[in-house]
Amino acid sequence: MITSVIKTTDPTQAATQGAAILRAGELVAFPTETVYGLGADGLNGAAVDKIFLAKGRPNDNPLILHVARPQDAFALWDGEPPFARALMDTFWPGPLTLIYHKAPRIPNEVTAGLSTVAVRLPESAVARELILAAGCPIAAPSANLSGKPSPTTAEHVYADMAGKIPLIIDGGPCRYGVESTVLSLVGIPTILRPGAVTREMLAAVIGEVALAPSILQPLQKGETAASPGMKYKHYAPSAQVQVVVGEPAAAARRICELYDGLIAKGKTVRIAATAEAAPFYGSRAYALLGRRLEPISLCSGLFRLLRELDEGADVILAEGVAPQGAGLAFMNRLLRAAGFQVEYV
Ligand code: TXA
Ligand code: MG
């Protein structure tokens with residue numbers, strides 16, 4: 001299959017072309033403000049199946065349905081989720097996914113057999129135009145091969161999906177560069193996956209919000225994943241990733257020690273640095289993740305670096321930060337990439 005790439009210089013034209021492909025039951029990769037999505041008609045089970053095939057995604061991992069108008073979300077749930085209106089008013093359009101009991105018309109392929117469904121209304125204008133033009137909710141996971149970091153540019157999508165899908169809509173780099181916050185509204189509101197809409201921001205609107213235990217630690221024996229995606233070895237590069245959490249000077253001092261030791265053993269080592277600590281690395285090989293003062297920038301930096309640094313590095317030494325605000329989303333992705341190999345200094 002030949003994969004075409006079209007730019008969004010004319011978003012309406014891109015949406016019209018993409019919508020025709022979606023309506024024919026085929027896949028389209030499209031930009032959102034979080035990461036690129038790999039979309040199919042969310043009410044067509046056979047089309048949704050093609051997503052799992054293209055990604056090599058385990059078929060017990062459910063997908064998010066993307067809508068363009070709040071009223072379309074209510075049509076996908078069975079009843080009105082508690083807190084939904086306040087959350088939608090405050091955070092939609094934007095990087096927040098809400099999970100609640102599913103309406104009977106949702107195909108099992110979307111929910112992987114679960115009784116709940118995840119819905120989000122993206123901020124990206126291209127994404128919303130595409131959904132409106134298609135006239136159906138779009139089921140879309142991140143547009144990477146399963147196990148690879150989420151794509152934050154059309155080039156990343158092309159690297160993973162060329163030859164597998166007919167169209168990629170290129171909207172440039174994604175604004176946030178990390179997947180949406182996933183919040184379950186079944187029972188006590190619980191964050192299953194942290195993102196740019198932080199726990200603190202949610203709590204300011206609806207009060208106490210719980211965190212799924214597996215956000216910062218591996219699944220414990222006997223624990224079932226609140227979100228099936230959490231149990232897979234996500235974001236894991238072939239290089240070994242080691243995390244050091246601490247203030248810039250202290251973290252950098254420890255990373256320099258580890259770096260020098262590994263180099264002495266003949267290893268190829270790269271440092272994933274924050275801008276605040278970068279001056280401490282001297283002539284050692286580092287790449288910038290982003291700024292600690294703006295933790296969301298660290299997430300997109302991480303996905304980019306995991307794709308770039310993976311080629312040729314034996315070990316990636318990465319700085320970690322406190323899991324507050326958007327720092328929680330960063331640490332969630334980083335610790336998974338590191339297989340939870342972390343030290344605190
Ligand atoms: O920002 C995003 O959310 C991007 C863009 C494309 O919208 N999408 C995305 O989709 O990251 P995906 O499939 O890569 O991640 C969805 C996560 C998975 O961990 C999945 O297990 C979880 O949401 N999920 C989906 N439906 C669920 C459900 N009913 N119950 C629990 N977890 C669910
Ligand atoms: Mg994904």
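Keep in mind that what you see is a predicted model, and the values were worked out from it rather than measured. All ligand and atom numbering here is 1-based and tracks the order in the structure.
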Next on the checklist: Only heavy atoms of S180, strictly under 4.0 Å: list the atoms of ligand 1 that pass.
Outcome noted: 1 (O), 2 (C), 3 (O)

Checklist entry - Is there a donor in the side chain of T97 and an acceptor in the side chain of R193, or the other way round, less than 3.5 Å apart? => result no

Checklist entry - Can you name the one residue among L192, L185, T111, I64 that meets side-chain contact (heavy atoms from CB on, under 4.5 Å) with I99? => result L192

Next on the checklist: Show the atoms of ligand 1 that are less than 4.0 angstrom away from any heavy atom in N61.
Outcome noted: 18 (C), 20 (C), 21 (O)

Next on the checklist: Only heavy atoms of A118, strictly under 4.0 Å: list the atoms of ligand 1 that pass.
Outcome noted: 25 (C), 26 (N)

Item to check | Minimum side-chain heavy-atom gap R57-L63 below 4.5 Å | outcome: yes

Checklist outcome for this item: Note: ligand 1 atoms sitting under 4.0 Å from heavy atoms of G37 are 6 (C)

Name the atoms and distances for all side-chain donor-acceptor pairs under 3.5 Å in residues 112-119, with sequence neighbours left out.
none

Next on the checklist: Any donor-acceptor pair under 3.5 Å linking the side-chain atoms of S124 with those of E33?
Outcome noted: no

Checklist entry - If we only count heavy atoms from C-beta on, is the P70 to L121 side-chain gap below 4.5 Å? => result yes

Checklist entry - Atoms of ligand 1 less than 4.0 Å from S142 heavy atoms? => result 8 (N), 9 (C), 10 (O), 12 (P), 14 (O)

Next on the checklist: Is it the case that ligand 1 has an N or O less than 3.5 angstrom from some N or O of E179?
Outcome noted: no

Item to check | Minimal non-hydrogen separation, I316 against A313, with atom names | outcome: CG1-CB, 4.4 Å

Item to check | L114: numbered ligand 1 atoms lying under 4.0 Å from its heavy atoms | outcome: 28 (C), 29 (N), 30 (N)

Next on the checklist: For F30 and H66, take the angle between the two ring planes, folded into 0 to 90°, and tell me which bin it lands in: parallel under 30, tilted 30 to 60, perpendicular over 60.
Outcome noted: perpendicular

Checklist entry - Counting backbone and side-chain atoms alike, does S142 have an N/O/S atom under 2.8 Å from the Mg ion (ligand 2)? => result yes

Checklist outcome for this item: To atom 26 (N) of ligand 1, the nearest of P58, A140, P62, C174 on a heavy-atom basis is P62

Item to check | ligand 1 contact on R57 by region, counting heavy-atom pairs under 4.0 Å | outcome: side chain

Checklist entry - What atoms in ligand 1 come closer than 4.0 Å to a heavy atom of H66? => result 5 (C), 6 (C), 7 (O)

Checklist entry - At a non-hydrogen distance cut-off of under 4.0 Å, which region of L192 contacts ligand 1 (side chain, backbone, both, or neither)? => result side chain

Item to check | Cation-pi, F74 ring and R85 (6.0 angstrom, 45 degrees) | outcome: yes

Checklist entry - In ligand 1, which numbered atoms sit nearer than 4.0 Å to a non-hydrogen atom of T34? => result 1 (O), 2 (C), 4 (C), 5 (C)

Next on the checklist: Does only the side chain of R120 get under 4.0 Å from ligand 1, or the backbone, or both, or neither? Count heavy atoms.
Outcome noted: side chain

Checklist entry - Do E319 and R292 have side chains that get closer than 4.5 Å, going by heavy atoms? => result yes

Item to check | The one among T116, I64, I106, T32 that brings a heavy atom closest to atom 29 (N) of ligand 1 | outcome: T116

